[in-house]
There are 2 protein chains.
Amino acid sequence: MAAKSNVRPTYAVISKTAGVSEATVSRVLNGDENVHPDRIKAVQDAVAKLGYKKHRAASSLASGRTGLIAVVIDDDLSIFSDPFWATVTSGISRVLMENDLQTLLMVANLDSIDGPVAHSLQGGEVDGAIFFQLHKDALIKRLVKQKLPMVITGTPHTSNDFVFVDTDNFGGAHEATNHLFGRGCTNVAIITGDIETTAGRQRLDGYNQAYRKSGHVPSKQLIAEGDYSFESGKAAMQRLLEQVANLDGVFACNDVMALGAIAAIEEAGRVVPDHIKVVGFDDSLLAQTSRPPLTSVRQDIGALGEAAANLMIAQLRGETPEPCILSTELVIRESA
Amino acid sequence: MAAKSNVRPTYAVISKTAGVSEATVSRVLNGDENVHPDRIKAVQDAVAKLGYKKHRAASSLASGRTGLIAVVIDDDLSIFSDPFWATVTSGISRVLMENDLQTLLMVANLDSIDGPVAHSLQGGEVDGAIFFQLHKDALIKRLVKQKLPMVITGTPHTSNDFVFVDTDNFGGAHEATNHLFGRGCTNVAIITGDIETTAGRQRLDGYNQAYRKSGHVPSKQLIAEGDYSFESGKAAMQRLLEQVANLDGVFACNDVMALGAIAAIEEAGRVVPDHIKVVGFDDSLLAQTSRPPLTSVRQDIGALGEAAANLMIAQLRGETPEPCILSTELVIRESA
DNA sequence: CGATTATGTGAAAGCGGTTTCACATAATCG
DNA sequence: CGATTATGTGAAACCGCTTTCACATAATCG
């Protein structure tokens, strides 16, 4: 009795229970239009009754679709120290799951075009891939040729027609800079991020344009280069303090550098925001817990992930979606 | 000519090229011992020459093994705001990939035992699952019955014989507290984490034992409860400042609360570390960027992930590995 | 109203591996 | 040296689902 209790049912069982052929079961389960309503009902009832769940491997083998989307993260870009990517990934994963897709995580060094990741991606093990601000284009270009659906989070710097999602870096930087002027600052410096990255450049552009709009022209002296690290922010600020006489505002291209800047300012015996106002970018946990709490540009990171997933799903449906730019919001705290 | 250039080769092709049967190809590719060296060589050559890569779905269907390990994260425990999990996941992913396994990420609310995650896990879509400090045991217990290989990161509080990896919370807290005494403190308080969690309790135990070892007995007044948030750390510290006369040391059970405590101390017009010394736990980015830089207990988070993956792989090989406790290291900075 | 076109369905052939089973040959034994 | 056990191999069934193809029936047309 009840011999095969914990054996998962197959089409054979469903079709028998519903009184239809296996082909029809497949049609119903894949949303084929041309099935009589009665049979659809019969199949659905049988599925519900037996608690049927499609066998993914079998389905993949037969259909060629795996139901897997890779999220590819370059080991090198220590994106890991940043809660950012976790949140993005979370957003991606949620949306994919809602669409009955699974998230395959690939953390690897992408330098070599022939690593295991490259093989998986090319070998048809996934239906699509979402990349995290990848600078090494070689692999991506190969995959484009193979017509693997892809989404890139972060604007790719080669102006190819990749599908991508990104924060409005320009707009965010513009608003941050503007805010400093609005607070009465007259000499506003910027501590840039890595200028090699698109995001870094866009933020600088936003700063420049906001500066010009204010009627002034930013002198070269006001632009200090950083690399997103605490140390670089601190060093950049020290340079600025030396070289710029009456500096009263700084826009740092991320929160970590902003904290570095604040450290430098206080070590120089000056006070934030009384003497120098500081704005960061990211609105990370750091911004909330620092003293003084940091005014910072917030990006909706979860939304970024969701947008990436949605662009992927659109491509899977055969559409060719437009890139997606998400707007930012300035969160005003005590530092500016 | 060269019609089938970009079609992936199958066993049919390999076996023809190597001059053996498909069965033998399978044997070689799965490391079966009983194959003549000559044929092994022949197959390997053919594989290399044709750039063969196993078709995962086909392999899964036939063998019943998917090559997929789920990493399950409860949406609720906003572990996401914490870079912690990203690093753990990264470690897991790396080790799994080295062992030809893939990482399936599942971020979901695990409240309902019948969500999509539960179905995937039970439906044989993965070969094993790694959970992140899950408090809801219902699902896990079901999966244990189904003999799905599992690893839990973080000590599960039901003392079942789960396979788990964890940081030495007790030891870390012990060392932190000890350090404060060594620095000359005599009234050392603790700001606890969520006492409901095993980690929270273990850290409290470590504190208590270190206290007793020092020859004193910790009064109830010295124990302030927090919940790992900045606000709770600040509030707890304010309470301590009011109630404990000559407080000179605080061990906060994570860095975020430590920063909250420092904020409270400074608002009260006192100085860290001169008046009160503070030690945190996690050695997160926050510890490095705060002022004063925070002395904190470091856990090797990447190693935690790697350990979890290795325990999973051991189970897949049929072994029943022992739980794994990773030791901590006290990183001494300026706050204590 | 017979001829076409739509519509709905099932049989059967895959998809690309794994594994059982039977069998041939080589090694070991009494 | 014949009988037994080990070792190595290929044929073929099978894993569970998808999809083509042929066919029957119903709807539409001239």
Side-chain angles (χ1 to χ4, degrees), chain A residues 4 6-44 46-47 50-68 100 119-120 123-127, chain B residues 4 6-44 46-47 50-68 100 102 119-120 122-127:
Chain A
K4 46 172 83 172
N6 49 16
V7 169
R8 41 187 313 173
T10 66
Y11 273 16
V13 185
I14 302 288
S15 70
K16 220 160 279 175
T17 309
V20 300
S21 73
E22 296 191 19
T24 297
V25 174
S26 177
R27 290 188 184 106
V28 172
L29 263 41
N30 291 308
D32 191 317
E33 303 280 289
N34 304 330
V35 181
H36 191 94
D38 287 358
R39 316 209 176 214
I40 295 185
K41 178 83 166 53
V43 171
Q44 286 174 340
V47 165
L50 287 98
Y52 174 79
K53 183 97 202 307
K54 226 180 342 208
H55 189 294
R56 247 183 153 108
S59 175
S60 296
L61 177 56
S63 72
R65 278 170 262 114
T66 62
L68 257 38
D100 207 29
H119 273 117
S120 292
E125 284 188 18
V126 298
D127 291 348
Chain B
K4 45 174 85 175
N6 50 15
V7 169
R8 40 187 312 171
T10 66
Y11 272 15
V13 184
I14 302 289
S15 70
K16 219 159 280 175
T17 309
V20 300
S21 72
E22 296 190 20
T24 297
V25 174
S26 178
R27 290 188 184 104
V28 172
L29 262 41
N30 292 307
D32 189 320
E33 303 281 288
N34 304 328
V35 181
H36 192 94
D38 289 356
R39 315 208 176 216
I40 294 184
K41 178 83 167 54
V43 171
Q44 287 175 339
V47 165
L50 287 98
Y52 175 80
K53 183 97 202 307
K54 234 192 317 221
H55 190 293
R56 257 193 144 101
S59 175
S60 296
L61 177 57
S63 70
R65 280 171 260 115
T66 62
L68 257 37
D100 205 30
Q102 311 226 269
H119 274 118
S120 292
Q122 293 178 91
E125 284 188 17
V126 298
D127 291 349

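Letters A, B, ... are given to chains in the order of the sequence lines, protein chains preceding strands, and every chain is numbered from 1.
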For residues 21-29 of chain B, which side-chain donor-acceptor pairs fall under 3.5 Å, sequence neighbours excluded?
residue, atom, partner, partner atom, Å
B:S21, OG, B:A23, N, 3.4
B:S21, OG, B:T24, N, 3.2
B:S21, OG, B:T24, OG1, 3.3
B:S26, OG, B:N30, ND2, 3.2

From the options D:dT18, C:dG8, C:dT18, select the nucleotide whose nearest atom is closest to the side chain of A:H36.
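My answer, after comparing the listed nucleotides, is C:dG8.
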Of the nucleotides C:dC15, C:dT18, C:dG16, which has the atom closest to the A:A62 side chain?
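So the nucleotide nearest the side chain must be C:dC15.
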Nearest heavy-atom neighbours spanning [X] and [Y]:
| X | Y | answer |
| --- | --- | --- |
| B:Q102 | A:S120 | NE2-OG, 3.8 Å |
| A:G67 | A:D127 | N-OD2, 2.8 Å |
| A:T66 | A:S60 | CA-OG, 3.5 Å |
| B:A46 | B:A18 | CB-CB, 4.0 Å |

Short side-chain N/O contact to [N] OP1/OP2 from [X], under 4.0 Å:
| X | N | value |
| --- | --- | --- |
| B:S63 | D:dC15 | no |
| A:N34 | C:dT9 | no |
| B:S59 | C:dT18 | yes |
| B:Y11 | D:dG10 | no |

Expressed in angstrom and rounded to an integer, what is the separation of [X] atom [atom1] from [N] atom [atom2]?
| X | N | atom1 | atom2 | value |
| --- | --- | --- | --- | --- |
| A:I40 | C:dG8 | CD1 | C1' | 11 Å |
| A:E33 | C:dG8 | CD | P | 10 Å |
| A:K41 | C:dG8 | NZ | P | 19 Å |
| B:D32 | C:dT18 | CG | C1' | 11 Å |
| B:L29 | C:dG16 | CG | C1' | 12 Å |
| A:H55 | D:dC14 | NE2 | P | 17 Å |
| B:R65 | C:dT18 | CZ | C1' | 8 Å |
| A:I14 | D:dG16 | CD1 | C1' | 12 Å |

With nearest nucleotide decided by heavy atoms, which residue, B:R39 or B:A58, maps closer to the 5′ end of DNA chain D?
B:R39
Assign each of B:L61 and B:V35 to its nearest nucleotide of DNA chain D by heavy atoms, then name whichever residue's nucleotide is nearer the 5' end.
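Its nearest nucleotide lies further toward 5', so the answer is B:V35.
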Where along residues 17-28 of chain B does a heavy atom come under 4.0 Å from DNA chain D, residue by residue in number order?
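Going residue by residue through residues 17-28 of chain B, the ones with a heavy atom under 4.0 Å of DNA chain D turn out to be B:V20, B:S21, B:A23, B:T24, B:R27.
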Rounded to the nearest 0.5 Å, how far apart are CZ of A:R8 and CG of A:L50?
12.5 Å
Estimate the overall bend of the helix from C:dC1-D:dG30 to C:dG30-D:dC1 from the end axes over five pairs each, rounded to 10 degrees.
30°
Side-chain contact, heavy-atom cut-off 4.5 Å: A:T10 with A:V13?
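Yes, close enough: below the 4.5 Å cut-off.
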Test applied, side-chain contact (heavy atoms from CB on, under 4.5 Å); reference residue, A:E125; option that passes from B:K54, B:K53, B:H55
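With A:E125 as partner, B:K54, B:K53, B:H55 yield a single side-chain contact (heavy atoms from CB on, under 4.5 Å), made by B:K53.
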